[in-house]
Amino acid sequence: MLEAIKNRHSVRSFSDKPIEKEKLDEIYRASCSAPSAGGLEARYYYETNNREIINKLAEASFNQGFIAEAPIVIVFSAIPKISQKKYGERGKLYAIQDATISASFAW
């Protein structure tokens with residue numbers, strides 16, 4: 001685990017080669033294994049290879065152009081209403097943490 005943490009790095013250039021379904025499935029399996037507040041899994045994943053949507057995501061991400069170069073984009077999102085049913089207002093934070101931890105497990 002320590003080796004994986006030390007070797008982790010961000011990628012800013014991408015191939016235009018499509019990602020195999022098996023690799024995407026592996027990413028989702030890993031991200032689903034992330035811990036979740038109360039086991040509620042208050043998170044959702046959106047995946048797109050639609051160029052128009054990817055360009056809009058790059059723009060919405062403070063104009064980070066490298067995002068527009070990716071062959072596929074996966075957005076990890078929080079679902080606060082799920083956590084709030086159990087934890088009240090602090091459930092918002094827990095849902096965000098669920099989504100970010102899940103994203104970190106995916107890579």
Side-chain angles (χ1 to χ4, degrees):
M1 179 67 165
L2 187 56
E3 189 70 25
I5 292 169
K6 287 181 178 180
N7 289 322
R8 185 223 166 277
H9 62 279
S10 295
V11 175
R12 298 285 189 260
S13 62
F14 305 95
S15 163
D16 60 356
K17 181 178 145 187
I19 298 175
E20 298 88 357
K21 182 184 179 332
E22 296 78 23
K23 288 186 180 179
L24 285 172
D25 290 346
E26 189 176 335
I27 289 169
Y28 291 125
R29 274 194 305 277
S31 64
C32 287
S33 71
S36 170
L40 298 174
E41 298 183 8
R43 57 193 180 224
Y44 191 79
Y45 317 117
Y46 300 90
E47 166 191 319
T48 186
N49 60 0
N50 179 296
R51 297 312 317 158
E52 184 177 338
I53 293 172
I54 290 174
N55 289 334
K56 287 180 181 180
L57 287 168
E59 187 178 318
S61 300
F62 302 103
N63 294 311
Q64 296 185 71
F66 67 90
I67 292 172
E69 298 171 16
I72 188 169
V73 173
I74 302 170
V75 177
F76 291 78
S77 62
I79 310 173
K81 288 181 181 181
I82 293 174
S83 289
Q84 285 179 293
K85 286 179 185 176
K86 181 171 184 174
Y87 296 110
E89 189 62 24
R90 67 184 177 175
K92 287 181 183 179
L93 175 61
Y94 294 167
I96 292 168
Q97 291 172 333
D98 278 2
T100 55
I101 292 169
S102 185
S104 71
F105 269 53
W107 316 110

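Only a predicted model underlies this, so the values are computations on that prediction, with no experimental measurement involved.
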Between [atom1] of [X] and [atom2] of [Y], what distance do you get to the nearest 0.5 Å?
{"X": "Q84", "Y": "L93", "atom1": "CD", "atom2": "CG", "answer": "11.0 Å"}
{"X": "K92", "Y": "Q97", "atom1": "NZ", "atom2": "CD", "answer": "14.5 Å"}
{"X": "E47", "Y": "L24", "atom1": "CD", "atom2": "CG", "answer": "5.0 Å"}
{"X": "E41", "Y": "I82", "atom1": "CD", "atom2": "CD1", "answer": "9.5 Å"}

| request: Using a cut-off of 6.0 Å, state whether more than 12 heavy atoms not belonging to E20 lie near its atom CD. | output: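 It does: E20 CD has more than 12 such atoms within range.
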
| Cluster link I96 to F76, ILVMFWY, side chain under 4.5 Å |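 Shared cluster, no.
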
| field | side chain to side chain contact (heavy atoms under 4.5 Å, CB included) between I79 and R43, worked out | value | CA-CA 5 Å; I79 310 173; R43 57 193 180 224; 5.7 Å; no

| query | Yes or no on side chain to side chain contact (heavy atoms under 4.5 Å, CB included) for T48 and L57, after CA distance, side-chain angles and deciding distance? | reply | CA-CA 10 Å; T48 186; L57 287 168; 4.2 Å; yes

Can any side-chain N or O of [X] pair as donor or acceptor with the backbone N or O of [Y] at less than 3.5 Å?
{"X": "S15", "Y": "K17", "result": "yes"}
{"X": "S77", "Y": "Y44", "result": "yes"}
{"X": "S31", "Y": "A103", "result": "no"}

| Using a side-chain heavy atom cutoff under 4.5 Å and only I, L, V, M, F, W and Y, what cluster partners does F105 have? |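 The other cluster members (ILVMFWY side chains, heavy atoms under 4.5 Å, direct or chained) are I101.
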
Nearest heavy-atom neighbours spanning [X] and [Y]:
{"X": "A58", "Y": "A68", "value": "CB-N, 3.7 Å"}
{"X": "A99", "Y": "A78", "value": "CB-N, 3.9 Å"}
{"X": "S102", "Y": "C32", "value": "OG-N, 4.5 Å"}
{"X": "S33", "Y": "A30", "value": "OG-O, 2.6 Å"}
{"X": "F14", "Y": "P71", "value": "CB-CD, 3.9 Å"}

| Judged by modelled atom types alone, do Y94 and S36 share a side-chain donor-acceptor pair under 3.5 Å? |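 Y94 vs S36: no donor-acceptor pair found between side chains.
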
| message | Just by distance, no angles: are the side chains of N55 and E59 close enough, under 3.5 Å, to form a donor-acceptor pair? | response |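 On atom types as modelled, these side chains do not qualify, holding no pair under 3.5 Å.
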
| task | Indicate the ring-plane relationship of Y28 and Y45, choosing parallel, tilted or perpendicular according to the 30° and 60° boundaries. | result |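 Tilted, since the angle between the ring planes falls between 30° and 60°.
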
| query | Pick one: which of I72, I74, N49 meets side-chain contact (heavy atoms from CB on, under 4.5 Å) with I19? | reply |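 With I19 as partner, I72, I74, N49 yield a single side-chain contact (heavy atoms from CB on, under 4.5 Å), made by I72.
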
| Derivation and outcome, side chain to side chain contact (heavy atoms under 4.5 Å, CB included), residues R51 and I54 | CA-CA 5 Å; R51 297 312 317 158; I54 290 174; 3.5 Å; yes

| said: Check E26 with K23, please: is the shortest side-chain N to carboxylate O separation under 4.0 Å? | reply: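 Result for this pair is no, no salt bridge flagged.
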
| field | salt bridge (Lys or Arg N to Asp or Glu O under 4.0 Å) pairs, two or more places apart, involving residues 60-71 | value |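 Residue pairs passing salt bridge (Lys or Arg N to Asp or Glu O under 4.0 Å), neighbours aside: none found.
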
